[in-house]
There are 2 protein chains.
Amino acid sequence: MRMLYHLPLCPFSRKIRLIMAEKRLSFELMTETVWKRRPEFLAINPAGMVPVLVEETGLTIPDSYAICEYLEEAYPDTSLMGRTLAERVEVRRLTAWFDDKFSREVTHNLLYEKTFKRFFGNNNPNAQALREGYENIKTHLNYIAELTENRVWLAGNNLSMADFAAAAHLSALDYIGDVNWDKNPLVKDWYARIKSRPSFRSLLNDRVSGVIPPKYYADLDF
Amino acid sequence: MRMLYHLPLCPFSRKIRLIMAEKRLSFELMTETVWKRRPEFLAINPAGMVPVLVEETGLTIPDSYAICEYLEEAYPDTSLMGRTLAERVEVRRLTAWFDDKFSREVTHNLLYEKTFKRFFGNNNPNAQALREGYENIKTHLNYIAELTENRVWLAGNNLSMADFAAAAHLSALDYIGDVNWDKNPLVKDWYARIKSRPSFRSLLNDRVSGVIPPKYYADLDF
């Protein structure tokens, strides 16, 4: 059986879970507590990070970017990357936006500080990081709103990897109650559409010990 | 004429310059002082970062990952990504290794602290960051040595984007004198081979005001 090493609240793992579900690829999830630096795991990914996809053939694909491009090349029937060169540029530009810029400016400051940090031996969230995270998420939600005002999905008329990258980060932040949906109705409308897709169900069933999500986390009518 | 917005010491811009030169694509370089946040530049890349490639058709491609994938799709004759799915996984895994992990653990701690930081309004390099950078580069050089021990190029028998990603970061660090080549003969041998390629010449001619590279920086027999 195809296997994905992941962490439930890791946005990069969540993106891969969504994309594989959209492509109707069956897989098993294996939780990898990366901070323990398990030698068997480091042997398959020296970078020591999730997600890592292992195909039934044994082919091992570490890194969320490498996995996304691999899935698109190996399973092109349901394309999530756009058709023309220009469409593909926009999908990848926005995927990088969320996995690089949003991740650095928002996810790291909020999700990492509040949850993952303690596993790496640091206890208290840094107050300055939290302040920056809360400030930055406003700007980013405005940018998403701006995109959805003129487009059906974030990168254009078609649902793409860019939507799943964005939704993966936001869903993890939503789990810790850090997305103010009511102040961002356009973003909420886009997120409601993606949240109600069958591919999203597995994410909404995630529960992490010690962190209780807000009641509306799994609610499709939030 | 095709144009690349860049910064001379930006490793991500350097990688694109190398790849375009390998693909024999002519282009003009336009230095973009991103910290000035020029409105015309933000209009073409809201992320405000280099590199950004603008084709003669007007097609604008921001982000080094999006540019690399675009160049491979638009100009496939000289492929730098590998042929089989497994080869492409390895090329992309290592490209992400350098552009993500190496960048965070080494480049940011040394190059950003010593050069770029002051343009963003922070004056002094952080001593702890420098210490971590110097410690981390040792581990990373060992990893490169390990790869070259069993392979002609970093990702296998063929020169690939992974080599250019690694060489782009190392060349920028070499400009500020932070690579100890003599302690890493295997890495030096690999770097000497890539440094002597015609695609590398433009990088070796870069000079940045206020930062003088060591004498061996442009020397092919260093």
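Below, chains carry the letters A, B, ... as their sequence lines are ordered, and counting in each starts from 1.
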- Task: Please report the closest heavy-atom contact between A:Ala66 and B:Val89, naming both atoms and the distance.
- Result: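 That would be CB-O, 4.5 Å.
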- Task: Identify the two heavy atoms, one from B:Arg92 and one from A:Tyr70, that lie closest to each other, and give their separation to 0.1 Å.
- Result: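 Closest approach of B:Arg92 to A:Tyr70: NH1-N, 4.4 Å.
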- Part of B:Thr60 within contact of chain A (heavy atom distance under 4.5 Å):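 Interface part for B:Thr60: backbone (N, CA, C, O).
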- Message: Does any backbone or side-chain atom of B:Leu59 lie under 4.5 Å from a heavy atom of chain A? Answer side chain, backbone, both or neither.
- Response: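 B:Leu59 touches chain A through side-chain heavy atoms alone.
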- For chain B, find its close neighbours in residues 30-47 of chain A: heavy-atom separation under 4.5 Å, sorted by number, or none.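 Result: A:Pro46, A:Ala47.
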- Item | Within 6.0 Å of CZ in A:Arg24, more than 12 heavy atoms from elsewhere |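 Check fails, neighbour count at 12 or below.
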- Message: Walk me through whether A:Glu69 and B:Tyr65 qualify under side chain to side chain contact (heavy atoms under 4.5 Å, CB included).
- Response: CA-CA 11 Å; A:Glu69 296 290 336; B:Tyr65 141 64; 2.8 Å; yes
- Item | Atom pair CG/NZ of A:Asp63 and B:Lys101 - distance to nearest 0.5 Å |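 Separation between the atoms: 11.5 Å.
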- Determine whether A:Met49 and B:Asp100 make a side-chain contact, defined as any pair of heavy atoms from C-beta on separated by less than 4.5 Å.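 Counting from C-beta outward, A:Met49 and B:Asp100 do come under 4.5 Å.
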- Where does A:Arg88 contact chain B at under 4.5 Å (heavy atoms): side chain, backbone, both or neither?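 Side chain only.
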